[in-house]
**Q** 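Sharing a structure, written as C-alpha cells. Questions coming.
Numbering of ligands and ligand atoms starts at 1, following listing order.
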Amino acid sequence: MNKKLKYFCYSQNSINTYKSCPTKFKYKYIDRINWKNNDIDSRDYYENLKLGRDFHLLCERYFSNISIGSYDNVPSKFIIWIEKIKKLIPIEEDKVYLPEYELRYNMNGDYLQAKYDLVVLGKNSIEIWDWKTESRKLDYKNVENRMQTVMYMFLAREIIPRIHNMSIESEDIKMKYYQPEFDNEPVTITYNNKKHENNKNKINTFINDIKRTEYERDKEPISNGLRLTKNKNHCKFCEFNKLCNGEEVHYSILEDEIYGT
Ligand code: SF4
C-alpha cells in the first residue's frame, strides 16, 4: 500500500474519484495536485460552485438557529429556496437538527468520513438531507446507487444510533436529496439490513482496490497489486484533461465538485 494511504480518510468524493479514473485519484490524493484554472471559460463553473456553497451556508445558519438576516445581500432565488426548505422541514421541538454534521469511523483500521448537509433525529428516526443546487435534475435512479448514498447511509447506520443512544432499525433511516430549484418534494431513499450489508461490501471492495493499486511504477510491486489505469471515457469530464492529454477542459460538462467532503 502507498504510504500516503496509511492514515487516509476515505470519503464519497475520494472513492468516486477512484471509480471514475484511478489516475485521477493518484493526481488528487497521492500527488495532491490541486488543479484550478483561472481563465474566462472556467469562471461560470467556479461561480456556480460558490453559489452552491453560499446556499449551504444559509441553510446551516437557519438550522443552527442563527439569524439569516434581512436577505438584502443574497441572490433572489435563495429566498425562494430557503422558504421551500422551511416549509418542507419545519422546526419541531421534539426533533434534533444537526446541520453540516461530520462523522468519522474506524472500520477495521480503515478510516471513513462523511459530512451531511443536515441530519434530523426524531424519537425513532434518522433523516439525512442533502441540498443539490446543480442545474441537472436528479431522479431516484440517479441517486439510489451513487457513492454518496452508499457512504452516507452506511455511516449513519453504524454510528449515529451509538452516539445519540438511539434504538432504531435500518428501516428507520431515510436519505432525502432536495433540489429547491426544481422540486417541492425530495427524492427519498429508504434503507434496510440487506442494503446495509451491500453498502459495506461495496465500500470495502473499493478501499481494497485503492490500497492495492500501484501508483508509483518504479517502486516494489505490491502483492496482488493492481496496475494503475486511465479511464479514457472520463477524460472530457475531468479537470486533469489538459495535464493528461493536452486537451482543453470543457467546464460546461465538468463533473460538479461536492461541497464538503
Ligand atoms: S484526464 Fe482522463 S486519464 Fe487523465 S486523470 Fe482525468 S480521466 Fe484520468
**Q** Inspect the contact between Glu197 and Lys200 and indicate whether a charged nitrogen and a carboxylate oxygen are less than 4.0 angstrom apart.
**A**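 Between Glu197 and Lys200 there is no salt bridge, as every charged N stays at least 4.0 Å from the carboxylate O atoms.
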**Q** Can you tell me if Tyr215 uses its side chain to pair, donor with acceptor, with the backbone of Ile210 under 3.5 Å?
**A**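 Between the backbone of Ile210 and the side chain of Tyr215 there is a qualifying donor-acceptor contact (under 3.5 Å).
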**Q** Count I, L, V, M, F, W, Y as connected when their side-chain heavy atoms are under 4.5 Å apart, and connections chain through other members. Are Tyr7 and Phe206 then in the same cluster?
**A**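 No, Tyr7 and Phe206 fall in different hydrophobic clusters.
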**Q** For ligand 1, which atoms have a heavy atom of Lys24 less than 4.0 angstrom away?
**A**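 The list of qualifying atoms is 5 (S).
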**Q** Please state whether the separation between atom 8 (Fe) of ligand 1 and some N/O/S atom of Cys21 is under 2.8 Å?
**A**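 True for Cys21.
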**Q** Which protein non-hydrogen atom lies closest to atom 3 (S) of ligand 1, naming both residue and atom, and how far is it?
**A**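 So the nearest neighbour among protein heavy atoms is Lys230 CB, 3.6 Å.
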**Q** Cut-off 3.5 Å, side chains only: do Asn199 and Tyr191 have a donor facing an acceptor?
**A**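 Yes, because at least one side-chain N or O of Asn199 sits under 3.5 Å from a partner of the opposite role on Tyr191.
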**Q** To which protein heavy atom is atom 1 (S) of ligand 1 closest, and what is the distance rounded to 0.1 Å?
**A**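 Of the protein heavy atoms, Cys244 CB, 3.5 Å lies nearest.
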**Q** Hey, which atoms in ligand 1 end up nearer than 4.0 Å to a heavy atom of Phe240?
**A**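 Answer for ligand 1: 1 (S).
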**Q** Taking only heavy atoms of Asn241 into account, list the atoms of ligand 1 that are under 4.0 Å away from them.
**A**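 It comes down to these atoms of ligand 1: 1 (S).
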**Q** Ring centres under 6.0 Å, that's the criterion: do Phe55 and Trp131 meet it?
**A**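 No, the ring centres sit 6.0 Å or more apart.
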**Q** Is any N, O or S atom of Cys235 under 2.8 Å away from atom 2 (Fe) of ligand 1?
**A**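 Of the N, O and S atoms in Cys235, at least one lies under 2.8 Å from atom 2 (Fe) of ligand 1, which means yes.
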**Q** Report the nearest protein non-hydrogen atom to atom 6 (Fe) of ligand 1: residue, atom name, distance rounded to 0.1 Å.
**A**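 For this ligand atom, the closest protein heavy atom is Cys238 SG, 2.4 Å.
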**Q** What part of Asn245 sits under 4.0 Å from ligand 1 if we count only heavy atoms: the side chain, the backbone, both or neither?
**A**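 Under 4.0 Å from ligand 1, Asn245 contributes side-chain atoms alone.
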**Q** Any non-hydrogen side-chain atom of Glu181 less than 4.5 Å from a side-chain atom of Lys137?
**A**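 A side-chain contact is absent here, since even the closest heavy-atom pair is not under 4.5 Å.
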**Q** Does any part of the side chain of Met147, heavy atoms only, come nearer than 4.5 Å to the side chain of Asn13, both counted from C-beta?
**A**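 Asn13 vs Met147: side chains apart.
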